[in-house]
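All residue numbers in this chain count up from 1 along the given sequence.
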Amino acid sequence: MTRSHLGALSLLILASLPAVSTAAVVPAQNVREIHAALLDPNGRLLIAAHRGCHNSSPGHALPSAPENSLIGLDHCVAMRIDIMETDVRRTRDGYLVMIHDATVDRTTTGTGAVDHLTLAEIKSLRLRDNEGEKGAGLTDQQVPTLDEILAHAGDRIVLNLDVKDAIYAEVIQAVVRAGATDRVIVKTSAGIGSAPLAAMAPYNRVPFMPILASGDGAESDLPAIITRQASGPQRPVGFEVPRMLGAALPSVAAAARVAQGRVWVNTLWEGFVGGYGGDVDALRDPDAVWGRLQRAGVSIVQTDEPEALRRFVPR
């Protein structure tokens with residue numbers, strides 16, 4: 001199923017659900033509560049919106065928005081989403097900007113590699129709607145800088161900063177400078193030979209989560225990677241699993257419980273855990289995918305369908 005078909009299915013299913021009143025008075029969400037929940041391995045399920053809330057959200061009367069945009073962040077806040085995943089790259093003149101691809105071609109009105117363009121050149125472009133691609137409508141949104149998105153997020157939502165270049169020190173320094181060290185998650189890959197990264201500079205300055213990288217086809221080394229990553233003086237807040245066999249999930253969840261960290265699973269597209277399904281399946285039967293993962297010990301889910309997941313797990 002293509003992304004366009006998935007988006008159409010999302011609209012059809014969500015439109016059939018009872019509408020959420022936008023007039024209801026909802027307490028403002030507070031990043032301190034989200035951060036406290038993140039640090040509690042036994043806390044409530046946390047929802048992470050992949051590249052922000054870019055799909056339309058009929059239940060909240062919200063249109064689609066460009067991925068990695070400030071308005072996409074606002075939509076996440078309106079739906080009380082806990083975490084916005086967003087991507088960081090560096091321009092030719094050394095500025096940090098929020099864009100997923102190595103080029104601006106898919107998501108903006110321009111062309112060229114991000115690291116070959118200046119900030120001024122990138123700021124002259126406009127973001128295409130939703131995930132971009134050919135034919136996507138143009139918006140009035142620009143590519144935000146890291147400083148801009150940190151300021152815009154404020155105390156409303158946690159940002160998962162997906163660092164695309166070898167610029168971790170610069171990204172984390174910007175977070176520290178913004179006083180946002182309790183408002184982000186930073187990740188990088190960790191394998192069986194990796195030292196405990198959470199206690200190492202620069203990761204020791206922010207909430208850190210390793211992305212587990214298995215060295216064998218059966219993912220039998222994932223629990224040992226979790227154990228090693230949790231063995232340092234500063235432990236990770238959780239562990240993101242790679243694409244993996246469903247049979248490996250129970251041992252991963254058990255190791256994470258011992259390590260007192262959360263388990264992060266992506267249900268993007270067909271899903272990352274074999275046999276559990278992904279977003280397209282969850283739109284048809286949320287309990288069969290999201291509910292099953294939660295019962296298996298998963299406590300953070302990243303999705304392109306945050307409104308549907310928020311309906312399934314209300315706050």
Side-chain angles (χ1 to χ4, degrees), residues 3 7 48-57 62-79 81 83-154 156-180 183-188 206 268 302-304 306:
R3 290 184 181 179
H50 181 230
R51 304 180 200 166
C53 295
H54 52 83
N55 284 338
S56 61
S57 304
L62 295 172
S64 56
E67 67 176 49
N68 288 322
S69 66
L70 298 184
I71 194 170
L73 184 153
D74 289 337
H75 289 184
C76 287
V77 171
M79 293 188 286
I81 303 305
I83 301 165
M84 173 177 167
E85 185 267 351
T86 184
D87 308 284
V88 192
R89 290 187 182 274
R90 184 171 56 194
T91 67
R92 188 179 78 196
D93 50 349
Y95 289 92
L96 303 177
V97 293
M98 314 312 295
I99 189 166
H100 177 271
D101 295 1
T103 75
V104 300
D105 298 28
R106 174 176 63 88
T107 56
T108 80
T109 52
T111 59
V114 175
D115 62 2
H116 290 178
L117 299 170
T118 66
L119 178 63
E121 289 170 327
I122 288 176
K123 281 293 188 181
S124 72
L125 308 176
R126 291 296 178 267
L127 287 170
R128 297 187 182 277
D129 195 28
N130 207 319
E131 296 178 295
E133 304 289 0
K134 185 178 180 180
L138 300 183
T139 74
D140 62 357
Q141 295 284 295
Q142 297 175 319
V143 175
T145 65
L146 175 58
D147 288 342
E148 287 170 344
I149 204 166
L150 287 170
H152 196 72
R156 302 185 297 160
I157 193 169
V158 167
L159 296 176
N160 170 205
L161 302 177
D162 187 348
V163 182
K164 293 299 186 182
D165 299 321
I167 51 174
Y168 285 94
E170 294 171 59
V171 168
I172 292 171
Q173 182 56 43
V175 170
V176 172
R177 186 172 62 245
R183 297 190 274 122
V184 302
I185 302 168
V186 174
K187 299 174 182 168
T188 195
V206 293
L268 314 171
Q302 179 173 219
T303 177
D304 279 318

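Partners of Asp115 by side chain to side chain donor-acceptor pair (under 3.5 Å), not counting sequence neighbours: none found. Judged as a salt bridge (charged side-chain N to carboxylate O under 4.0 Å, His left out), and not counting sequence neighbours, Asp129 has no contacts. In this structure Thr86 satisfies the side chain to side chain donor-acceptor pair (under 3.5 Å) test together with Asn68, sequence neighbours excluded. Applying the side chain to side chain donor-acceptor pair (under 3.5 Å) rule to Gln142 yields no partners; only residues at least two apart in sequence or on another chain are considered. Every side chain to side chain donor-acceptor pair (under 3.5 Å) that Gln302 has, sequence neighbours left out, goes to Asn266.
Annotation: side chain of His100 is not in contact with side chain of Glu85 (no heavy-atom distance under 4.5 Å). Side-chain contact check for Met98 versus Val88: some heavy-atom pair is nearer than 4.5 Å. The shortest distance between side-chain heavy atoms of Thr188 and Val163 does not fall below 4.5 Å. Side-chain contact check for Ser57 versus Met79: some heavy-atom pair is nearer than 4.5 Å. Residues Thr91 and Leu96 are not in side-chain contact: their nearest non-hydrogen atoms beyond the backbone lie 4.5 Å or more apart. In this structure the side chain of Ile83 never reaches within 4.5 angstrom of the side chain of Leu159, judged on heavy atoms. Counting heavy atoms from C-beta on, the side chains of Pro63 and His75 come closer than 4.5 Å. Side-chain contact between Leu268 and His50 is present, with heavy atoms from C-beta onward closer than 4.5 Å.
Side chain of Arg92 to backbone of His116: a donor-acceptor contact under 3.5 angstrom is found. Between the side chain of Asn160 and the main chain of Ala48, no donor-acceptor pair closer than 3.5 Å is present. Remark: side-chain polar atoms of Arg156 are not paired, donor with acceptor, to backbone N or O of Val77 under 3.5 angstrom. Checked by atom type and distance alone, the side chain of Asp93 pairs as donor or acceptor with a backbone atom of Leu119 at under 3.5 Å. Looking only at distances, a side-chain donor or acceptor of Tyr168 sits under 3.5 Å from a matching main-chain atom of Lys187.
Identified under the salt bridge (Lys or Arg N to Asp or Glu O under 4.0 Å) test for residues 161-176, with sequence neighbours left out: Asp87-Lys164, Arg89-Asp165, Arg90-Glu170, Asp162-Lys164.
To the nearest 0.5 Å, the span separating CG on Leu62 from CG on Asp74 amounts to 9.5 Å. Atoms CD1 and NE2, from Ile157 and His152 in turn, are 10.0 Å apart once rounded to the nearest 0.5 Å.
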#### Entry: Worked check of side-chain contact (heavy atoms from CB on, under 4.5 Å) between Val184 and Val158
CA-CA 5 Å; Val184 302; Val158 167; 5.6 Å; no
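A salt bridge is defined here as a Lys NZ or Arg NE, NH1 or NH2 lying under 4.0 Å from an Asp or Glu carboxylate O, and Asp304 with Arg51 fails to meet this definition.
Of all heavy-atom pairs spanning Gly112 and Asp105, the tightest one is N-OD1, 2.9 Å. Between Pro66 and Leu127, the closest heavy-atom pair is CB-CB, 3.7 Å. Scanning both residues, Ala178 and Arg183, for their nearest heavy atoms gives O-NH2, 3.5 Å.
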